[in-house]
Amino acid sequence: MVSTQRSWPHDRIPVEPRGCDTFGLPDDRRLDVAEQVPLVDYLVLGDEPHLQANECTACGARFFDRRNACASCGKTEFTKAAIATEGVLRSFTIVAFAAPGIPVPFVAGIIDCDGTQVRANVVDVEPDPEHVTLGMKLKLTTFPIGEDSAGTEAIGFGFAPLEAN
Amino acid sequence: MASDDIWILGITMTKFGKRPEDDVVDLAAEAALGALADGGVTIQEMGVLAAGNLMGAAAGIGQQLQKQIGQTGIPVYNVANACATGATALRTAIMAVKAGECDMGLAVGVEKLSGAGLLSGGSRKEDADTWTPKGRYGAVAGLDGRVGTEIMPGVFAQVGMEYGYEHGGATFELFARISEKNHSHSTLNPLAAYSKAMTLEQIMGDIMIAYPNTRPMCSANCDGAAAAVVVSDAKLKTLDPDQRRRAVKVSASVLTSDPWDEGCQQLPNVNTLTRRAAVQAYEQAGVAPEDLDLVELHDCFATAELVHYDNLQLCAPGEAVPFFESGATWRTGSTPVNVSGGLESKGHPIAATGIANIWEVCHHLRGEAGDRQIEGAKVGLAHVIGLGSACGVHILEKAA
């Protein structure tokens, strides 16, 4: 695992500061919103919430985690790419049995967002195979998942049916 | 003149199931001593030992085993490669023999999993007092259940459902019928953890774990071990006729990992690496899929078996559903798959699985499979996949 050739900053690509700063809002608007943080750093909040990938500048491969290099071509330069907020349900499962503390049932799925696969829960839908179907059209939605002891609200995401059932 | 062929000289699997009186070393020793006896050789003749025990990967099962059955000073490789651990151990011994470092080697896989419950997905801890970004996703809280699922029944459910998205026909009932087949097959296997037939209604009506996988459609956690002795072609020629007659040729031994493609880090892609392993294996062996008399493939979930029909080229591309529906993969069909009962019924003691499936194939090629013998079996394929991912494919042929 030890490499002597880590010329590229291997620990992480630059990420925006978290908290209010990630909203991309003008300074004068910051006080208007509650203190919020995204569940993951690839969720961009603000007026138009969306997911953001690290896209390899050489081959276009997209990743949601911080990168050491590209798993497709091995190059080390990335740019931020906004992911389409609508997609198609490519696969799913309805989890009925999970680790303690995880509410069940819930729908886990893979959403094809204009060619980029995204892992997410399917929300705002009855968790049964009559209501969740392969190929259904979905859109990104965000929602609070709770406040911490400092009163900061964490915002999670999921994909909801594009049209009401 | 000797070729560089490698042969399985001796091989065994223990009874799978609940083995409360035996620890991992007992099970490993039972399998290892069994394989040595089966091959008519001793530990003193082994030039290499490769051993796997995934749950205790840091403990060095190889040396623990040596301390019970023979500390001969040979190199030991403790391997861990998820559910491909057993196949990796076998391949390690094969590589050592093939490289000419020794002429005989022992591979062992062992696991104690009875009552283990869900083996992954328990990583979500209680939320912290403050939302602090952590890890590669900068997550402020646990993601299992919030951003998809980490549990294997759910991951592999999605693998099967994705096949349905691409090709259609992958219904809950279809997957349950695959499970019905494997549970039915296991009734003829006295070493299986479970050997009771289950009706389609029982399977579909059982506890739902992750739709469309109910409990009997998931691999059975159990205890067990398997071991194999491999030998070079040159060495085999010096052994007695009885040993030579029962030796099984390793016509292909392949290990692959997951090549990158779009989406493979969102849902593990179990297809690409299996396809690549199969293509390499058929080429190495000079065998075509239609030549196979039986296949043991990695049905860690009923939803997984379906996709591997396609990945192993047992059917035309995209045709796994009609292929199964034709009855081809039942033991009476044209390509019997998992006549052992598979992981769903025989059981899945993780590190043992990749050698146990080869034992099953060898058992038939030797004509020693008793009630479940596939008559006239001459060539078989064994496949395992471990997430991360690693895929092992071995093609085995009856001695000419």
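In what follows, chains carry the letters A, B, and so on, assigned in the order in which the sequence lines appear, proteins first and then strands, with residues in each chain numbered from 1. Computation of the quantities below employed the complete heavy-atom set of this structure, encompassing side-chain atoms and omitting hydrogens, waters and symmetry-equivalent molecules.
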To the nearest 0.5 Å, atom CD1 of A/Ile94 lies from atom CG of B/Asn213 at 12.0 Å
Side-chain heavy atoms of B/Tyr165 within contact of A/Val88, under 4.5 Å:
yes
Ordered numerically, the heavy-atom neighbours of chain A under 4.5 Å found in residues 260-275 of chain B are B/Trp260, B/Glu262, B/Gly263, B/Gln265, B/Gln266, B/Leu267
Looking only at heavy atoms, the pair that brings B/Val140 and A/Ala154 closest together is CG2-CB, 4.0 Å
Let me see the working for B/Val147 and A/Leu39 under side-chain contact (heavy atoms from CB on, under 4.5 Å), right down to the final yes or no. CA-CA 9 Å; B/Val147 181; A/Leu39 173 61; 3.9 Å; yes
Ranking A/Cys70, A/Ala150, A/Gly146, A/Gly158 by heavy-atom pairs under 4.5 Å to chain B gives rank one to A/Gly146
Of B/Glu126, B/Lys134, B/Arg146, the largest count of non-hydrogen pairs under 4.5 angstrom with chain A goes to B/Arg146
All heavy atoms of A/Ser149 vs all of B/Thr130, minimum pair found to be OG-CG2, 3.6 Å
Residues 94-112 of chain A vs salt bridge (Lys or Arg N to Asp or Glu O under 4.0 Å), sequence neighbours excluded, gives none
Tell me if the OH atom of B/Tyr194 is crowded by more than 12 foreign heavy atoms within 6.0 Å.
no
The interface call for B/Leu143 against chain A, heavy-atom contacts under 4.5 Å, is side chain
Taken to the nearest 0.5 Å, the spacing of B/Glu162 CD from A/Ser91 OG works out to 5.5 Å
Turns out that what part of B/Glu166 lies under 4.5 Å from chain A's heavy atoms comes down to side chain
Inset, instruction - Determine whether B/Asp129 and A/Asp148 make a side-chain contact, defined as any pair of heavy atoms from C-beta on separated by less than 4.5 Å. - result: no
CG of A/Asp128 to OH of B/Tyr211, rounded to nearest 0.5 Å, is 9.5 Å
Honestly, the part of A/Phe157 sitting under 4.5 Å from a heavy atom of chain B is both
inquiry  = Taking B/Arg136's backbone N and O only, do any of them form a donor-acceptor pair with A/Asp65's side chain (distance below 3.5 Å, no angle check)?
reply    = no
Notebook entry, point to check: Are A/Phe97 and B/Pro153 side-chain neighbours, meaning at least one heavy-atom pair lies under 4.5 Å?
Noted result: no
Turns out that what part of A/Ala71 lies under 4.5 Å from chain B's heavy atoms comes down to both
Smallest heavy-atom separation, A/Asn121 atom then B/Gly148 atom, equals OD1-N, 2.7 Å
Bottom line for A/Phe106: the part with an atom under 4.5 Å from chain B's heavy atoms is side chain
When every non-hydrogen atom of B/Ala157 is compared with those of A/Thr93, the smallest separation belongs to CB-OG1, 3.4 Å
Distance col, row B/Tyr137:OH vs A/Tyr42:OH, nearest 0.5 angstrom, shows 6.5 Å
| request: Check for a donor-acceptor pair, side chain of B/Trp131 on one end and backbone N or O of A/Val37 on the other, with a separation under 3.5 Å. | output: no
Decide if atom NZ of A/Lys139 counts as having more than 12 heavy atoms of other residues, nucleotides or ligands within a radius under 6.0 Å. yes
